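Since this is a predicted model, take the numbers as computed values, not measurements. Both ligands and their constituent atoms are indexed starting at 1 by order of listing.
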Amino acid sequence: MNETIAAIATPLSPGGIGIIRISGDDAKAIADQLFVSPSGASLSQAKGYSAHYGLLKENGEKIDECIALVFSAPKSYTGEDVVEFSLHGGVFVVKKALRAVLSTGARLAEPGEFTKRAYFNGKLTLTEAEAIMDIISAGGKQALQAANTARNGALYHKIQEITQGLTVAAAHISAFTDFPDEGLPDMDFTLFEENLRKAKEELNRLLSTFDSGVVLREGISCAIIGRPNVGKSTLMNLLSGCERSIVTDIAGTTRDVIEETVKLGEVFLRLSDTAGIRNTEDTVESIGVHRAKERLREAALILAVFDASEELTDDDREILALLADKKSVIIINKTDLPVKMDMDSVKHFKTIQISAAKGTGLEELVVAVNETTGLAALDPNAAILASERQKNCVIKANQAVTAAENEYKTGQMLDIVGFELEEAITALLELNGEKASETVVNEVFSRFCVGK
Ligand code: GDP
């Protein structure tokens, strides 16, 4: 018998309603001790998927009016009997109701424990459970679409498909290694090689989705760089829609790194406005310059700003040189003024033209950032890797398939090839949660919120 658990499922701040969720064998009995229906009906007798108006009372004292939603096992989120009390969304009233539920026999749920029970009761797979947290934290349309795709089982089914291909290959091998003298027909090497090739192709495709998936979910650290006075602060203010950085005509006044997150199209840019990169005698400013260079090294995306109304300077050229091997977009600013800059010098970079002061060119910047970060190529309706855990399993599987292929090609014993294939299959079963250890499962759910 499962212990009955309870938690507040809504945020702990004033709101329209607050919800207490109770799940487990005693959910209805516990709810009945606190819930008083005007008709005298009991929740234990209620049908699943039914809603009931009543009062929540503890030792005869009213806590609040309440709607009780009743779900009967297995037709509930967790697969167990579930009762949800919807109350007025005050912090004190909701906490008081939870205390009453806990003193009536339920235990406080751990983070993610409702979803963990849903997983153990076969209501969803491990990757589908992970997708639920991504739905909750999605900050944009594309991120939500990708999370819903995973919630609907896209990654699970893709991994299952790859596992099946590898299982056929492994079965082929074991037929030969286990029964070498049974007069089996010749091994179909073409099919075997084709299975390994396909598995590697799919695993590599999945791996290629990881980085842009991270950008979609978590945003990207981004540095705006450029020599003083090219318009970095103006651009930053345009992006953030607020006067956060100091904008001034005097060169070198943005002395420190100011961090801010802004949403550009579907991407959250974790931005920093840096001091102009140039050699300077000013000590305070040189700290800023030093930090700016550091930020440039740390940032995953660089927005490098240049002034269209001036000829390229040595500082500009130094900045261009810093961009080698960096994901970057060249922003030619001040295009509202007569253009003096030689555009040929940036023709090898992804370049867009804007006027930060006039607020033009932002759409082009959205497109350029999407292309540079790989988001433009990411299909939110396809299976993508959504966590380090998933990525590590795919890397393990890929390494094992590659080892199997090499051993097979170099004429190693077939049972060594079979062993590598088993390793790959185990990694994929772990990814899908079909053979995941308790530690792995606990780690996944520990990142959930309480009440989910
Ligand atoms: P930073 O030192 O790179 O941060 O440059 P600022 O953002 O402080 O801008 C320097 C000067 O250029 C300010 O006077 C801005 O008003 C001006 N400026 C910035 N962007 C533009 C633009 O697109 N067009 C014009 N004409 N002036 C701009």
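- Ring centroids of Y77 and F71 are separated by 6.0 Å or more, keeping the two rings apart.
- Taking CD of E130 as the start and CD1 of I135 as the end, the distance is 12.5 Å to the nearest 0.5 Å.
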* Go through the steps for Y408 and F192 under the test ring pair (Phe, Tyr, Trp, His ring centres under 6.0 Å), then give the verdict. => CA-CA 10 Å; Y408 162 75; F192 175 78; 4.8 Å; yes

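- Distances between N or O atoms of V230 and those of ligand 1 include at least one value under 3.5 Å.
- For atom 12 (O) of ligand 1, the nearest non-hydrogen atom from the set M236, K358, R227, K334 comes from K334.
- Below 3.5 Å of separation, one finds an N or O of N229 facing an N or O of ligand 1.
- Residue T234 touches ligand 1 through backbone and side chain together, judged by heavy-atom distances below 4.0 Å.
- Which parts of ligand 1 touch K232 is read off a 4.0 Å heavy-atom cut-off, strictly below it: atoms 1 (P), 2 (O), 3 (O), 4 (O), 5 (O), 7 (O).
- Of all the heavy atoms of D336, the ones lying under 4.0 Å from any atom of ligand 1 belong exclusively to the side chain.
- Residue P228 has no nitrogen or oxygen atom sitting less than 3.5 Å from a nitrogen or oxygen atom of ligand 1, judged on distance alone.
- Checking Y156 against E434 by side-chain atom types alone, a donor-acceptor pair falls below 3.5 Å.
- At a 3.5 angstrom cut-off on N or O pairs, L337 does not count as close to ligand 1.
- Nearest heavy-atom pair, L206 versus L155, reported as atom, atom and distance to 0.1 Å: CD2-CD1, 4.0 Å.
- Taking CZ of F349 as the start and CZ of F306 as the end, the distance is 7.5 Å to the nearest 0.5 Å.
- For NZ of K123, the number of neighbouring non-hydrogen atoms (other residues, nucleotides, ligands) closer than 6.0 Å is greater than 12.
- Residue contacts with ligand 1 do not include G226, since none of its heavy atoms lies under 4.0 Å from the ligand.
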